[in-house]
Every structure is written in C-alpha cells, then in structure tokens.
Amino acid sequence: MAGLGNPGEKYSRTRHNAGFMVVDLLGLRLGADKWNTIGPGLAAKAGLGPKSILLLKPLTYMNRSGIAVAPLRERASSLIVVHDDLDLPFGTLRIRVSGGHGGHNGIRSIIEELGTAEFCRVKIGVGRPPEGVSPPDHVLAEFSPGEAAALPPFLERAASAVISIIEEGTEKGPAKARSLCIRYLA
C-alpha cells in the first residue's frame with residue numbers, strides 16, 4: 001500500500017502529504033519494521049494477522065509517484081493508494097476500487113506507469129482552496145489551525161478504512177470501509 005506525498009520537512013505538514021501521514025500512522029499501528037530506501041521510495045514491512053503488508057512513501061515528489069509505486073504492484077497481490085483530494089470537503093473519506101485520476105497528478109502518474117487504473121484508492125478530503133488561492137498553493141500549504149486540531153481522528157479513520165480493505169480484500173473491504181467512513185464523517 002502506498003501513501004502519496006512529497007519528501008522533506010518543508011512538505012511534512014501540508015495537505016498534499018495526507019497520504020504520507022496515513023502510511024506513517026499505519027506503520028505505528030501495525031508494528032512496521034525499520035523504514036528503508038527501496039528504489040525511489042521509503043518502505044517498511046508490517047503485518048496484519050497472516051497478511052504481510054509493504055508500506056511505501058514515494059520519494060519522487062507527487063507528480064512522479066508512479067515511478068515508485070509501479071514496482072510495488074509487481075511485488076504485491078493488490079494495491080491501495082492513499083492520497084489527498086481537493087474535491088472532497090475536509091474530514092471526508094472516499095473509497096474507490098478503480099477510476100480515473102480526477103486531476104490528481106500523483107494518481108495520473110501511477111496510472112501511466114502501471115498502464116491501468118485498476119487499483120484501490122482511499123481519498124482524504126482536504127477541501128477546495130479559498131477564493132484567490134490556486135489549487136497547487138492550497139495543497140502545498142499546511143492545514144489551518146482548526147483542520148490541524150481535527151486531523152488526528154480523521155487520519156485514524158483513514159487508517160482504519162485501509163485496514164478494513166486489507167482484512168476483507170478489495171471485493172468486500174471497500175464496502176466495510178465505506179460504512180466506516182460514513183459512520184465517522186467529521
């Protein structure tokens with residue numbers, strides 16, 4: 001499973017790094033081993049019952065995420081990608097089993113590298129930018145103080161949704177994860 005974001009302290013608390021934040025939380029919750037650089041990504045192994053999970057944070061910057069994620073697809077039986085979504089209000093999660101990129105350049109890169117859009121996505125709502133702020137500036141900005149205060153339980157819900165998908169598989173998991181998301185919307 002991969003969480004999308006940009007490497008470096010400069011971006012660590014930005015909206016665009018919501019995917020990294022969820023992967024870090026999953027690493028803690030699932031007892032991930034040491035993070036290691038593997039190709040153009042930072043990866044750790046974790047376990048969930050009998051399942052082995054490879055957690056990945058691409059180090060390629062968002063627009064080239066596919067370069068780091070494509071090799072993961074070759075090593076895993078399924079792929080879950082967690083990423084920010086401008087079109088969802090802050091505090092909203094959406095699960096998609098497949099689909100287009102929706103204007104998200106990280107997802108666009110993954111689709112191009114994999115040659116398919118058939119992978120599960122957990123979308124983290126970061127909201128539309130206020131008037132006068134461009135979408136790139138919005139996603140590369142840190143969360144507002146109110147959002148930052150609400151972020152920890154929101155990220156917990158996203159991590160729980162990913163765990164539901166892993167436990168149940170991509171056939172049943174999204175339905176269970178969707179009910180989890182609906183039940184706990186901010």
Side-chain angles (χ1 to χ4, degrees), residues 1-8 11-12 14-26 38-43 53-130 133-143 147 154-155 157-159 161-162 164-166 169-171 173-175 177-178 181-182 185:
M1 77 91 19
L4 303 188
N6 288 315
Y11 300 106
S12 66
T14 65
R15 292 176 179 91
H16 228 11
N17 274 35
F20 274 15
M21 294 173 194
V22 172
V23 168
D24 286 338
L25 183 57
L26 283 165
I38 297 178
L42 197 58
I53 301 153
L54 184 61
L55 303 172
L56 176 75
K57 296 189 294 186
L59 298 176
T60 54
Y61 290 92
M62 184 65 76
N63 294 351
R64 299 181 66 212
S65 296
I67 294 168
V69 173
L72 176 66
R73 182 61 181 246
E74 295 165 6
R75 298 174 65 177
S77 59
S78 62
L79 174 64
I80 301 169
V81 177
V82 182
H83 65 91
D84 61 296
D85 192 309
L86 279 172
D87 293 323
L88 296 175
F90 177 83
T92 304
L93 299 173
R94 181 168 292 157
I95 313 301
R96 290 279 186 251
V97 176
S98 65
H101 57 74
H104 192 286
N105 288 330
I107 297 297
R108 180 189 326 260
S109 173
I110 293 169
I111 291 169
E112 287 172 1
E113 291 293 324
L114 293 178
T116 182
E118 300 299 315
F119 56 91
C120 187
R121 304 106 198 263
V122 176
K123 299 179 177 197
I124 310 293
V126 297
R128 297 293 305 166
V133 176
S134 72
D137 287 343
H138 181 65
V139 297
L140 293 174
E142 292 187 9
F143 290 96
E147 291 170 336
F154 180 33
L155 296 176
R157 289 192 307 274
V162 171
S164 291
I165 294 166
I166 293 168
T170 56
E171 297 297 316
R178 279 189 195 103
C181 296
I182 291 166
L185 285 177

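Quick note: numbers below take in every heavy atom, side chains included, and nothing from hydrogens, waters or symmetry partners.
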**Q.** Exercise: identify the closest heavy-atom pair between Ile95 and Ala161
**A.** CD1-CB, 4.2 Å
Q.
One pair to check against salt bridge (charged side-chain N to carboxylate O under 4.0 Å, His left out): Arg15 and Glu147. What are the steps and the verdict?
A. CA-CA 10 Å; Arg15 292 176 179 91; Glu147 291 170 336; 2.9 Å; yes
Q) Taking only residues at least two apart or on different chains, which pairs with a member in residues 100-111 satisfy side-chain hydrogen bond (donor to acceptor under 3.5 Å, both in side chains)? A) Asp84-His104, His101-Arg108, Asn105-Arg108
Q | Backbone N/O of Phe119 and side chain of Arg121: donor-acceptor pair under 3.5 Å | A | yes
Q | For the student: nearest non-hydrogen atoms of Ala43 and Ile38, plus distance | A | CB-CD1, 3.7 Å
Q. Looking at Leu72 and Leu79, what are the two nearest heavy atoms and their distance?
A. CD2-CD1, 3.7 Å
Q) Between Leu4 and Val81, does a side-chain contact (heavy atoms from CB on, under 4.5 Å) hold up when you go through it step by step? A) CA-CA 7 Å; Leu4 303 188; Val81 177; 3.7 Å; yes
Q.
Working to the nearest 0.5 angstrom, can you tell me the gap between Glu142 CD and Ser12 OG?
A. 7.0 Å
Q | Val126 vs Phe143, side-chain contact (heavy atoms from CB on, under 4.5 Å): CA-CA, chis, key distance, verdict | A | CA-CA 8 Å; Val126 297; Phe143 290 96; 4.1 Å; yes
Q. Atom OG in Ser65, atom CD in Glu113: separation rounded to 0.5 Å?
A. 10.0 Å
Q) Taking all atoms of both residues into account, what is the closest heavy-atom pair of Ala158 and Ile124, and its distance? A) CB-CD1, 3.4 Å
Q | Inter-residue atom distance Ile165.CD1 - Cys120.SG, 0.5 Å rounding | A | 4.0 Å
Q. So which heavy atom on Val69 is nearest to which on Ala2, and how close?
A. CG2-CB, 3.9 Å
Q: Would you confirm whether Asn6, through its side chain, and Tyr11, through its main-chain N or O, come within 3.5 Å as a donor-acceptor pair?
A: no
**Q.** Distance in Å, His83 NE2 paired with Phe20 CZ, rounded so as to fall on 0.5 Å steps
**A.** 14.0 Å
Q. What distance do Thr92 atom OG1 and Phe154 atom CZ have between them, rounded to the nearest 0.5 Å?
A. 6.5 Å
**Q.** Validation row: Ile111, Thr116 side chains within 4.5 angstrom (heavy atoms)
**A.** no
Q.
With side-chain contact (heavy atoms from CB on, under 4.5 Å) as the criterion, how do Leu86 and Val139 come out once you've worked through the C-alpha distance, each side chain's angles and the decisive distance to 0.1 Å?
A. CA-CA 8 Å; Leu86 279 172; Val139 297; 3.6 Å; yes
**Q.** Working for side-chain contact (heavy atoms from CB on, under 4.5 Å), residues Leu88 and Asp85
**A.** CA-CA 6 Å; Leu88 296 175; Asp85 192 309; 4.0 Å; yes
(Q) For the backbone of Val122 and the side chain of Arg94, can you confirm whether one donor and one acceptor N or O come within less than 3.5 Å of each other? (A) no
Q.
Which residue is it: Leu26, Leu56, Leu54? I am looking for the one with a side chain to side chain contact (heavy atoms under 4.5 Å, CB included) to Met1.
A. Leu26
(Q) I need the minimum non-hydrogen distance between His138 and Pro130, along with the two atoms involved. (A) ND1-CD, 3.9 Å
Q. If you measure from the Lys or Arg side-chain nitrogens to the Asp or Glu carboxylate oxygens, is any gap between Asp24 and Lys57 under 4.0 Å?
A. yes
Q: Answer whether the closest heavy-atom distance between the side chains of Pro40 and Leu59 falls below 4.5 Å.
A: no
